[in-house]
Amino acid sequence: MAYNFVEELKWRGMMHDIMPGTEEQLAEEVTAGYIGFDPTADSLHIGSLIPIIVLMHFQKAGHKPIALIGGATGMIGDPSGKSAERNLLDEETLAKNVAGVKGQLERFLDFNSDAENAAELVNNYDWMKEFSLIDFVRDIGKHLTVNYMMAKESVKKRITGEEGADGMSFTEFTYQLFQGYDFLHLYQNKNCKLQMGGSDQWGNITTGTELVRRKAQGKAYGMTCPLITKADGTKFGKSEGGNIWLDKNRTSAYKFYQYWLNSSDEDSENFIKKFTFLTKEEIETLIAEHNEAPHLRLLQKRLAEEVTVMVHSQEDLDNAVKASSILFGNSTASDLKSLDEQTFLDVFDGVPQAELSKDELTEGLDMIGALAAKTNFLGSNSDARRALKENAISVNKEKVKEDYKITEADLIANKYVLLQRGKKNYYLVNFV
RNA sequence: GGUGAGAUACUCAAGUGGCCAACGAGGGCGGACUGUAAAUCCGCUGACUAUGUCUUCGAAGGUUCGAAUCCUUCUCUCACCA
């Protein structure tokens with residue numbers, strides 16, 4: 001095999017823990033391996049990219065990736081890494097989420113190929129729903145002791161009350177048995193011998209391999225990748241606006257692109273290894289070039305490009321780059337006006353808006369009113385006066401003074417006026 | 001239950017009769033610089049019909065020409081004693 005899965009993950013820093021014998025197993029034959037995805041929302045966010053990419057590497061290495069959607073386990077809630085009991089999702093939401101997550105996974109893995117190592121998509125609800133409580137308790141529960149389950153870190157933490165934890169329901173305690181059974185089921189029905197996941201999944205994975213050993217006298221393997229962290233300690237995948245989603249409707253391609261572009265130097269070295277498929281040589285060259293001229297931010301740009309194209313499309317990337325140059329470059333009112341309405345709206349997607357009547361423009365709309373009273377862009381008239389005095393206000397990217405009046409001549413696409421306070425605060429007024 | 005201390009703006013925290021819309025620090029915002037970064041420097045940070053006016057220092061009353069500041073009652077927080 002030209003491509004060594006384990007070696008590949010190791011140099012990319014994506015290997016946290018691996019069970020002894022896993023490499024030998026992978027070297028020996030085409031192996032099926034799976035990762036579970038929780039349908040906690042109808043879209044995955046960029047935290048789920050790592051497991052997806054691991055599966056893609058897995059397939060590139062000639063093995064068979066299985067993506068498991070936790071339709072059943074999602075109904076229970078994984079206690080790993082949580083200090084409080086989770087809220088349960090109702091069936092309807094869950095069905096919607098499963099469909100959403102499934103659609104996204106199809107972007108990255110080809111589930112319809114005839115190849116020997118074609119990717120496969122399964123939903124554990126399909127085999128869990130028929131399982132009766134009695135059967136489950138007799139067939140599965142019998143093979144593991146409570147002592148074993150209690151010894152897991154995720155359980156121990158909650159029981160001993162560390163970190164303000166407040167106990168754990170039977171429901172969540174059962175979770176690891178469910179996930180363990182998934183592995184057993186896939187082992188028996190799909191000859192799946194490997195489970196992968198984030199390092200917080202180690203406990204659940206070992207429960208699975210243990211179950212395979214005891215119940216099926218088989219040998220199964222596990223591997224985890226480190227959880228993504230950022231150098232400044234803030235949470236990965238979050239911005240002020242919340243999660244960065246893979247769904248364009250939740251996080252626009254522009255914002256998605258920006259998230260990566262704004263990575264720190266330190267993080268971007270790390271991220272480009274993990275989130276792109278560039279070769280080791282390419283990445284080393286990039287890092288070297290970046291260190292030569294850090295202000296050009298080659299790493300961040302390449303990272304943002306690669307990931308945006310992978311998750312969205314080349315077209316989305318082009319638009320995001322264009323939008324970025326309008327927002328952050330030296331664009332002028334005429335640049336703005338040259339945009340067609342759709343692109344303009346895409347660029348300013350998510351920017352707060354207000355609607356005003358076009359009648360306001362006939363006499364010319366004064367700045368104080370435009371900023372505060374009519375739009376609530378700024379909190380008060382005083383605030384508006386201050387901002388104007390500070391030379392902080394722009395109309396259509398051009399600085400204005402307190403005596404400026406907005407007229408028909410300022411309209412973009414005959415409808416919009418772009419207000420701006422400082423560099424980053426935008427506000428769109430829609431004249432109808 | 002008793003005694004003592006305290007409550008000030010987004011947070012911490014000065015102010016103990018007029019010079020108080022209230023020192024200072026942090027945060028936030030803006031400007032310069034810069035790499036859409038970090039650091040640094042400077043400015044702003046109650047409202048309004050604005051060289052003035054109004055409301056604000058736990059709540060309600062009172063004293064006074066004038067109260068964040070003094071008095072009374074109440075609410076809450078903390079400390080010590082039961």
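If you're wondering where the values come from, they're calculated on a predicted model, not measured in any experiment. Protein chains get the first letters and strands the later ones, always in sequence-line order, with residue 1 at the start of each.
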Below 4.0 angstrom from OP1 or OP2 of [N], is there any side-chain N or O of [X]?
X	N	value
A:N391	B:G30	no
A:K424	B:A37	yes
A:R386	B:A47	yes
A:S264	B:A37	no
A:K399	B:G31	yes

Side chains of [X] and [Y]: do they bring a donor and an acceptor to under 3.5 Å?
X	Y	value
A:Y427	A:N376	no
A:T22	A:K193	no
A:T73	A:N124	yes
A:T207	A:K152	yes
A:E315	A:N319	no
A:D182	A:Q195	no

Legend entry - Of residues 314-322 of chain A, the positions that come close to RNA chain B - non-hydrogen atoms, cut-off under 4.0 Å: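 None, since no heavy atom is under 4.0 Å.
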Legend entry - Those residues of residues 288-303 of chain A lying under 4.0 Å from RNA chain B by at least one heavy atom: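 The stretch gives A:P294, A:H295, A:R297, A:Q300 as the residues lying under 4.0 Å from the strand, ordered by number.
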Inset, instruction - Could you check which nucleotide pairs with B:C70 in any of the strands shown, counting Watson-Crick or G-U wobble with both distances under 3.5 Å? - result: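 Pair assignment: B:C70 / B:G62.
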Legend entry - Pairing partner (Watson-Crick or G-U wobble, both distances under 3.5 angstrom) of B:C80: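 Because both required distances fall under 3.5 Å, B:C80 counts as paired with B:G2.
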Legend entry - Selection from B:C33, B:A50, B:U36 that lies nearest to any side-chain heavy atom of A:K423: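 Nearest nucleotide to the side chain: B:C33.
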Inset, instruction - Measure the shortest side-chain to side-chain distance between A:M310 and A:F108 over non-hydrogen atoms and say whether it is less than 4.5 angstrom. - result: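 Result yes, sub-4.5 Å side-chain heavy-atom pair found.
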Taking the [atom1] atom of each, how far is [N] from [M], in whole Å?
N	M	atom1	result
B:U8	B:G46	C1'	14 Å
B:C41	B:G26	P	10 Å
B:G18	B:A47	P	26 Å
B:C80	B:C74	P	25 Å

Using a 4.0 Å heavy-atom cut-off, does [X] contact any base of the nucleic acid, only the sugar-phosphate backbone, or nothing at all?
X	result
A:R421	sugar-phosphate
A:S263	nothing
A:S380	sugar-phosphate
A:D383	nothing

Inset, instruction - Heavy atoms only: give me the nearest A:F5-A:A61 pair and the separation to one decimal. - result: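 Looks like CB-CB, 3.7 Å.
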Inset, instruction - Establish, yes or no, whether a centroid distance under 6.0 Å links the rings of A:F431 and A:Y416. - result: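 Not under 6.0 Å, so no.
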Legend entry - 5'-most by nearest nucleotide on RNA chain B - A:Y257 or A:G422: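 Looking at the nearest nucleotide for each, A:G422 comes out on the 5' side.
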Inset, instruction - Find which nucleotide of RNA chain B each of A:D265 and A:A392 is nearest to by heavy atoms, and output the residue with the more 5' nucleotide. - result: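 Nearest-nucleotide comparison on RNA chain B picks A:A392.
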Legend entry - Distance-only donor-acceptor test, A:E390 side-chain atoms vs B:G31 base atoms, 3.5 Å: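 Answer no: no donor N or O sits under 3.5 Å from an acceptor.
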Inset, instruction - Check the pair A:R385, A:E402 against side chain to side chain contact (heavy atoms under 4.5 Å, CB included), reporting the backbone distance first and the verdict last. - result: CA-CA 7 Å; A:R385 283 203 182 82; A:E402 187 165 351; 3.7 Å; yes
